**Student:** 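Starting off with a structure, shown below.
Just so we're clear, the structure is a prediction, and the values are computed from it rather than from any experiment. In the text below, chain A, chain B and the rest are named by the order of the sequence lines, each starting its count at 1.
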Protein chains: 2
Amino acid sequence: MQPNFTVAEENHIKAIYHLQQLSGKVFTNDLAAALETRPASVTDMLKKLKAKKILHYEPYQGFYLNSEGKKIALGIIRKHRLWEYFLVEKLHFGWDEVHEVAEQLEHINSKKLIDKLDAFLDYPRFDPHGDPIPDSNGKMAAQQQVNLTQLDVNQQAEICAVASQARGLLELLKHSNIGIGTKLEIKRRFGFDQSVEITIKNQQTMMLSHQVAQALFVKII
Amino acid sequence: MQPNFTVAEENHIKAIYHLQQLSGKVFTNDLAAALETRPASVTDMLKKLKAKKILHYEPYQGFYLNSEGKKIALGIIRKHRLWEYFLVEKLHFGWDEVHEVAEQLEHINSKKLIDKLDAFLDYPRFDPHGDPIPDSNGKMAAQQQVNLTQLDVNQQAEICAVASQARGLLELLKHSNIGIGTKLEIKRRFGFDQSVEITIKNQQTMMLSHQVAQALFVKII
DNA sequence: TAAAAAATTTAGATTTGTCTAAATTCATTT
DNA sequence: AAATGAATTTAGACAAATCTAAATTTTTTA
Ligand SMILES: [Mn+2]
Ligand SMILES: [Mn+2]
Ligand SMILES: [Mn+2]
Ligand SMILES: [Mn+2]
């Protein structure tokens with residue numbers, strides 16, 4: 001039923017999906033930046049995806065996945081996140097080490113494999129970064145997360161996602177003992193640089209820059 | 001240290017390794033048949049592998065992996081067999097269903113992943129087909145197997161490997177309740193067609209054709 | 001609204017992996 | 001030893017995925 005897609009096509013499909021979640025439409029330069037490729041290469045790929053009838057695309061006007069395309073994207077995301085869960089829960093990878101490997105594993109092509117893996121892992125609903133895992137029909141739990149920058153002083157929250165894979169950020173978080181599941185309370189906000197002071201589990205108090213706070217998503221508790 | 005190899009290169013390297021185990025040297029047509037590709041395509045690839053200094057190759061004279069090439073082949077075989085073990089032992093695939101998926105998984109590129117997988121599986125020494133799994137240094141247990149055609153009447157043995165992945169064979173074996181670990185005794189041999197009569201676990205008695213017997217390797221018990 | 005700037009596409013090239021058909025080399029047979 | 005046939009390589013082509021540089025379109029600015 002679904003045609004087969006190459007690894008390059010799948011990487012484009014997934015990246016388009018994530019970008020169109022933000023604003024509905026995606027533009028060539030943004031996708032090229034996300035994939036660390038060139039705008040001209042993106043244009044080439046857009047034509048292929050349009051020819052395969054999974055992308056709505058008019059030259060110069062932006063583009064977005066149609067419902068068939070979204071279904072395919074969700075299948076790739078399902079595989080990516082299930083493998084991440086496997087790597088962390090079964091193989092004891094750190095949650096900040098799994099992305100690269102999952103980026104490869106998500107392209108393994110076997111429905112049976114992924115459904116058996118899902119069962120083996122006992123149908124997890126969230127990956128190690130707090131992102132919801134689509135089920136085999138593409139449905140996933142809504143993620144009730146708020147950006148740390150949006151909390152009020154004295155609010156308590158638990159970190160459930162880190163929105164950036166940047167190398168330096170993960171290093172900083174590890175050093176500060178901050179990770180998925182960390183409980184914290186907002187102590188103060190400084191308008192000058194939009195930094196925020198937090199207390200972890202009623203113990204350490206520390207400052208987070210705006211850049212760091214922006215990368216942290218929490219659920220309020 | 002080791003350059004990176006593409007999926008196509010890795011598939012060629014692995015196939016060359018298996019063929020050169022038989023007779024030391026490999027020929028273009030044989031490799032093309034094994035990979036279901038064309039002799040001209042094989043020649044193209046041989047030049048690449050020679051340029052990467054892992055293959056001894058003189059035009060028209062056959063070819064074989066040098067020690068560097070064998071090391072790379074064993075790394076791929078290690079991954080293939082560990083994934084097969086994982087699929088059967090953890091995901092409950094049938095031992096006759098794993099080959100295709102392992103053919104993809106063997107190309108995932110992460111030393112950390114494969115060493116952690118090995119530990120998770122508790123360092124298995126044989127894959128679901130009875131083939132030995134190389135350790136991270138490329139060493140593997142010698143396989144003490146004998147072909148079923150070589151046993152004498154009244155000898156008892158346990159099946160530890162099936163040497164062919166042919167579709168029809170696996171179907172036949174499943175139907176006959178024969179698999180890895182099956183214990184049997186040789187009852188009679190017929191010179192006419194080289195068929196052999198066996199009894200499984202002192203229960204069923206059945207005839208196996210020469211073609212089937214040739215594909216079965218056993219250890220004597 | 002016309003120029004300038006930004007975004008995007010097109011043109012043309014390169015690498016990888018594959019193929020078919022033709023040429024070459026090697027081995028076997030008269 | 002020449003002819004035949006098998007095995008192998010070469011020549012030339014093509015699709016996929018990328019790139020750079022140039023052209024085009026759209027948007028912004030003056
Ligand atoms: Mn990927
Ligand atoms: Mn994730
Ligand atoms: Mn393979
Ligand atoms: Mn095997």
Side-chain angles (χ1 to χ4, degrees), chain A residues 2-16 19-20 22-65 69 72-73 76 103-104 106-107 109, chain B residues 2-16 19-20 22-65 69 72-73 76 103-104 106-107 109:
Chain A
Q2 283 182 6
N4 280 346
F5 294 94
T6 65
V7 170
E9 285 169 340
E10 288 189 349
N11 284 333
H12 281 78
I13 292 165
K14 193 180 64 158
I16 294 169
L19 288 174
Q20 83 184 34
L22 304 175
S23 50
K25 221 175 205 186
V26 187
F27 296 92
T28 305
N29 281 359
D30 296 336
L31 182 55
L35 289 169
E36 298 183 278
T37 181
R38 297 299 178 168
S41 309
V42 165
T43 302
D44 290 340
M45 187 59 78
L46 296 178
K47 291 176 191 165
K48 286 178 212 167
L49 298 182
K50 181 175 188 180
K52 294 197 175 188
K53 298 187 193 302
I54 63 170
L55 186 71
H56 186 277
Y57 166 52
E58 297 299 335
Y60 293 103
Q61 303 303 308
F63 47 89
Y64 50 88
L65 297 171
I72 293 156
I76 302 162
E103 206 51 50
Q104 297 181 59
E106 71 188 357
H107 304 292
N109 189 359
Chain B
Q2 283 183 4
N4 281 347
F5 293 94
T6 65
V7 169
E9 285 170 340
E10 288 189 348
N11 284 334
H12 281 78
I13 292 166
K14 193 180 66 159
I16 294 168
L19 288 173
Q20 83 183 34
L22 304 176
S23 51
K25 222 176 205 187
V26 187
F27 297 92
T28 305
N29 282 359
D30 297 336
L31 182 55
L35 290 169
E36 297 183 278
T37 181
R38 298 298 177 170
S41 310
V42 165
T43 302
D44 290 340
M45 187 59 79
L46 296 177
K47 289 177 192 164
K48 285 177 210 165
L49 297 181
K50 180 174 188 180
K52 293 197 175 188
K53 296 187 194 304
I54 63 169
L55 186 72
H56 185 276
Y57 166 53
E58 296 300 335
Y60 294 102
Q61 303 304 307
F63 47 89
Y64 50 88
L65 297 170
I72 293 156
I76 302 161
E103 206 53 50
Q104 296 180 59
E106 71 188 356
H107 305 291
N109 189 359

**Student:** Pairs under 3.5 angstrom only: tabulate donor-acceptor contacts from the side chains of residues 56-65 of chain A to other protein residues two or more places apart or in another chain.
**Tutor:**
from, atom 1, to, atom 2, distance (Å)
A:His56, ND1, A:Tyr64, OH, 3.4

**Student:** Mind checking side-chain contact (heavy atoms from CB on, under 4.5 Å) for A:Ser23 and listing every partner two or more places apart, or none if nothing turns up?
**Tutor:** none
**Student:** Over all strands shown, is A:Ala40 touching base, sugar-phosphate only, or nothing at heavy-atom distances under 4.0 angstrom?
**Tutor:** base
**Student:** Tabulate atom names and distances for all N/O pairs under 3.5 angstrom spanning the protein and nucleotides 25-27 of chain C.
**Tutor:**
from, atom 1, to, atom 2, distance (Å)
C:dT25, O4', B:Tyr60, OH, 3.4

**Student:** Where along residues 25-39 of chain B does a heavy atom come under 4.0 Å from DNA chain C, residue by residue in number order?
**Tutor:** B:Thr37, B:Arg38
**Student:** With a 4.0 angstrom cut-off to heavy atoms of chain A, pull out the first and last contacting nucleotide of DNA chain D, in 5'-to-3' order.
**Tutor:** D:dA16 to D:dT26
**Student:** Phosphate oxygens OP1/OP2 of C:dT16: is one of them under 4.0 Å from a side-chain N or O of B:Lys48?
**Tutor:** no
**Student:** Who pairs with B:Asn109 by side-chain contact (heavy atoms from CB on, under 4.5 Å), at least two apart in sequence or on another chain?
**Tutor:** A:Gln104, B:Asn4
**Student:** Can you list, pair by pair, the side-chain donor-acceptor contacts under 3.5 Å of residues 29-37 of chain A, counting residues two or more places apart and other chains?
**Tutor:**
none

**Student:** Could you give me the CA-CA distance, side-chain angles and deciding distance for B:Leu55 and B:Lys48, then say whether side chain to side chain contact (heavy atoms under 4.5 Å, CB included) is met?
**Tutor:** CA-CA 9 Å; B:Leu55 186 72; B:Lys48 285 177 210 165; over 6 Å; no
**Student:** Roughly how far apart are B:Ile54 CD1 and B:His12 NE2, rounded to 0.5 Å?
**Tutor:** 11.5 Å
**Student:** Round to the nearest Å and state the distance from B:Phe5 atom CZ to C:dT16 atom P.
**Tutor:** 13 Å
**Student:** Once side chain to side chain donor-acceptor pair (under 3.5 Å) is applied, do any residues pair with B:Glu10, and if so which ones, sequence neighbours excluded?
**Tutor:** B:His107
**Student:** For B:Phe63, answer base if it contacts any base atom (sugar-phosphate contacts may also be present), sugar-phosphate if it contacts only those atoms, and nothing otherwise; contact means non-hydrogen atoms under 4.0 Å.
**Tutor:** nothing
**Student:** Can you tell me how far apart NZ (A:Lys52) and CD1 (A:Ile13) are? Round to the nearest 0.5 Å.
**Tutor:** 8.0 Å
**Student:** Think B:Ser41 has a side-chain N or O under 4.0 angstrom from the OP1 or OP2 of C:dG17?
**Tutor:** no
**Student:** Nearest 0.5 angstrom please: A:Arg38 CZ to A:Thr28 OG1, how far?
**Tutor:** 14.5 Å
**Student:** Would you check, one step at a time, whether the test side chain to side chain contact (heavy atoms under 4.5 Å, CB included) holds for B:Lys50 with B:Leu46?
**Tutor:** CA-CA 6 Å; B:Lys50 180 174 188 180; B:Leu46 296 177; over 6 Å; no
**Student:** In whole Å, I'd like the distance from the CG atom of A:Leu46 to the P atom of C:dT8.
**Tutor:** 10 Å
**Student:** Roughly how far apart are A:Ile16 CD1 and A:Asn11 CG, rounded to 0.5 Å?
**Tutor:** 11.0 Å
**Student:** Determine to 10° how strongly the helix from C:dT1-D:dA30 to C:dT30-D:dA1 is bent, judged from the axes of its five-pair ends.
**Tutor:** 20°
